[in-house]
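In each ligand, atom 1 is the first atom listed, and ligand 1 is the first ligand listed.
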Amino acid sequence: MIQKLMKKGGIDDGKPRLFVLCAIVILVLAIACGVGGCRHESGETKAVDATPESTPRPAPKIPLASSQNDLLKIAVEAKGSESKICYLTFDDGPTNTITPAILDVLKQYGVKATFFMLGSMIEKNPDMAKRVFDEGHLLANHTYSHDYHALYATGESFMAEVKKVEELIRKVTGEEPFKLVRFPGGGHNAGKYGEHKQRYKMLLQENGYYFADWNALNGDAEGGNRSADQLLARMQETATQKNIVVLMHDAAAKRTTADALPAIIEYLRGQGYEFRRMDEIPYYPEVEETVETSMEL
Ligand SMILES: [Zn+2]
């Protein structure tokens, strides 16, 4: 049956064979022509595409820091996790008086935190800086001097302090530091140095640094010698957002900060917060698609 059909298909006579041959030649010619045409077209398309690329982009009009490197903003708006996340941060150390007490509590509760260290304090207490690192916490940059007048005088003075601390952290840890800076006094645009700080945010960004303020605190720098109960109350009052970056201090005078820490951790756990270091934010803008894809899975 199949053989019959093949014969019927025209292999049994010379004319159809010639017809098939002609058809193939025409087809080959048509393809060759078509390909040539495409090549030509794609060349033209490329030339058209190249024009807008070569046009220079207009310079940004407002010389303010982009939110891109604002790690507080990134942490607060983080997607990719259903949990409430708390980033405990301790500024102005390390000290040999308060830092060890804070480290003991963090170890007891299995909590990791971020320490915004002063370069001058790392030089004074390098072993304590090393202990913070060895116990799994993040060492971040709070400038060398904390002296507003010297620090915020010029962009050069500001960046020189930042780089100096970075080198000290590198020396203590033996690792490349996470590039995160907290402005002494906060990075907001207010006060005598507010405008300077906005310009320095641009410098930080150009040099690949994040910066971060806070959106919750225990009030240990708000004046007076606050009791542990008062610090807990202030914490409860300010821990209102889903993701919080908590400002605290491990400077030498902040004894009650260490005293209040167990109750603060217990309170925040009770509110459903998980604790993380500031380099463990579960979402960064540049990996948004990856995170969303994995969420769907
Ligand atoms: Zn400070």
Student: For the Zn ion (ligand 1), report each protein N, O or S atom nearer than 2.8 Å, sorted by chain and then by residue number.
Tutor: Asp92 OD1, His142 NE2, His146 NE2
Student: In Å and rounded to the nearest 0.5 Å, what is the CD1 to CD1 distance from Ile85 to Ile281?
Tutor: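 That separation rounds to 8.5 Å.
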Student: For the NZ atom on Lys163, are there more than 12 heavy atoms of other groups (residues, nucleotides or ligands in this structure) within a distance under 6.0 Å?
Tutor: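 Yes, the 6.0 Å shell around NZ holds more than 12 heavy atoms from other groups.
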Student: More than 12 heavy atoms of other residues, nucleotides or ligands under 6.0 Å from CD of Glu266: is that the case?
Tutor: yes
Student: Cation-pi between Arg276 and Tyr87: NZ/CZ under 6.0 Å from ring centre and within 45° of the ring axis?
Tutor: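 Relative to the ring axis of Tyr87, which defines the angle, Arg276 lies outside at least one limit.
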Student: Would you tell me whether Tyr209 and Glu166 have side-chain atoms, one donor and one acceptor, within less than 3.5 Å of each other?
Tutor: yes
Student: If you take the centroid of each ring, where Trp contributes its six-membered ring, are Phe115 and His137 closer together than 6.0 Å?
Tutor: yes
